[in-house]
Every structure is written in structure tokens, then in C-alpha cells.
Amino acid sequence: SGILCLTAKSTMLKPIRACLRCGRCVEACPMGLVPTVLEPLVRARQYKRFEEEGGMNCIECGSCTYMCPANRPLTQGCRDGKASVTAMRRKAAAK
Ligand code: SF4
Ligand code: SF4
């Protein structure tokens, strides 16, 4: 891995809007997940529910984010959720 340092202009970041409930992210997910459910769970720090909804099976392919017309950070949410769950598991195992 590496670190990319880009300006906001060069990344062409678009404003994040409210979910339109269009279902494109669900259709795009190769793992059969529901990204539009997973991302809010991570934001609400509901990691147990994130696990129950299969969030740990996310392969971080980016398809959901690519397809989202509302520019929601769906893949980023899953990545954050997986990292938090993994950290919690490690902490529990170390006790
Ligand atoms: S990034 Fe994860 S949730 Fe999104 S489409 Fe890929 S596997 Fe599914
Ligand atoms: S693709 Fe985006 S706007 Fe459509 S349901 Fe998924 S999160 Fe919502």
C-alpha cells in the first residue's frame, strides 16, 4: 500500500447527498450486502448489527460507491466498520 496526497480539486470529490433509496448499491454488490444499511450502522457505531448484516464479508470492491448517485461513502463506511470490529475482536482476545 501507499499514501496518495491529492488536492480536493484533483480528487473531484462531489457533495454527499441523502440516500435516494434507488437500490443501485444493492444491485451492484457482488457479496449480496445492503450497503445503504451498513454505512449508517457504522456511522451510528452499531458494530454488532454491522456484523449481523454481514458487513465483515465486504470485499471493499468499491462497486456500491461507484454506482451511488448520491455520492455516499459506502465502501469507506464498510472499511471503517470492518476495522473497528477487527480492533474490538483483537482487544477481546487479548483479555
Ligand atoms: S464495497 Fe463491499 S458493500 Fe460495496 S459493493 Fe463491494 S463488497 Fe459490496
Ligand atoms: S445507491 Fe446510493 S442513493 Fe441508491 S440506495 Fe444505495 S446509498 Fe442510497
Side-chain angles (χ1 to χ4, degrees):
S1 292
I3 298 174
L4 292 176
C5 300
L6 304 170
T7 64
K9 190 177 177 186
S10 64
T11 57
M12 297 172 63
L13 289 174
K14 297 174 188 164
I16 298 169
R17 298 193 302 270
C19 174
L20 307 168
R21 304 286 177 206
C22 66
R24 289 187 194 177
C25 57
V26 180
E27 288 175 16
C29 181
M31 297 304 291
L33 302 175
V34 185
T36 192
V37 166
L38 296 173
E39 184 225 348
L41 287 175
V42 173
R43 273 193 286 112
R45 297 173 184 260
Q46 293 190 24
Y47 300 120
K48 187 75 184 163
R49 284 242 6 243
F50 174 80
E51 279 188 273
E52 289 169 0
E53 295 288 342
M56 295 304 282
N57 294 325
C58 171
I59 58 173
E60 302 177 22
C61 65
S63 300
C64 51
T65 303
Y66 183 77
M67 292 300 292
C68 181
N71 309 315
R72 302 207 58 79
L74 303 167
T75 308
Q76 295 89 331
C78 283
R79 188 177 298 136
D80 291 347
K82 287 170 62 182
S84 296
V85 170
T86 301
M88 288 190 313
R89 286 178 180 174
R90 284 199 184 125
K91 196 173 177 183
K95 286 182 182 174

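Nothing here was measured: the structure is a model prediction, and the numbers come from that model. All residue numbers in this chain count up from 1 along the given sequence.
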Asks: How close do P15 and N71 get, counting heavy atoms only, and between which atoms?
Replies: O-ND2, 2.9 Å

Asks: Locate the shortest heavy-atom distance separating P40 from V37; write the atom from each residue and the value.
Replies: CD-O, 3.2 Å

Asks: Give the minimum heavy-atom separation between C64 and P35, together with the two atoms involved.
Replies: CB-CG, 3.7 Å

Asks: Any side-chain to backbone donor/acceptor pair from R17 onto P69? Under 3.5 Å, distance only.
Replies: yes

Asks: Just verifying a value: how many Å separate I16 CD1 and E39 CD, rounded to the nearest 0.5 Å?
Replies: 7.5 Å

Asks: How close do G62 and T75 get, counting heavy atoms only, and between which atoms?
Replies: CA-OG1, 3.2 Å

Asks: CD1/I59 to NZ/K82 distance, rounded to the nearest 0.5 angstrom?
Replies: 8.5 Å

Asks: Would L38 and M88 show up in the same hydrophobic cluster when neighbours are defined by side-chain heavy atoms closer than 4.5 Å?
Replies: yes

Asks: To the nearest 0.5 Å, how far apart are CD in E60 and OG1 in T65?
Replies: 10.5 Å

Asks: Could you state the interatomic distance from CG (L33) to SG (C78), rounded to the nearest 0.5 Å?
Replies: 6.5 Å

Asks: Find out if a path of hydrophobic residues (ILVMFWY) with successive side-chain heavy-atom gaps under 4.5 Å connects L74 to M67.
Replies: no

Asks: Do the side chains of V42 and M31 join up, straight or via other hydrophobic residues, at under 4.5 Å, putting them in one cluster?
Replies: yes

Asks: Could you check whether any side-chain heavy atom of V34 comes within less than 4.5 Å of a side-chain heavy atom of E53, counting everything from C-beta outward?
Replies: no

Asks: Starting at CG of D80, measure out to OH of Y47 and round the result to the nearest 0.5 Å.
Replies: 7.5 Å

Asks: Within a reach of under 6.0 Å around CZ of R79, are more than 12 heavy atoms found that belong to other residues, nucleotides or ligands?
Replies: yes

Asks: Near R43 CZ, under 6.0 Å, is it more than 12 heavy atoms from other residues, nucleotides or ligands?
Replies: yes

Asks: Measure the OG-CD distance between S84 and E51 for me, rounded to the nearest 0.5 Å.
Replies: 10.5 Å

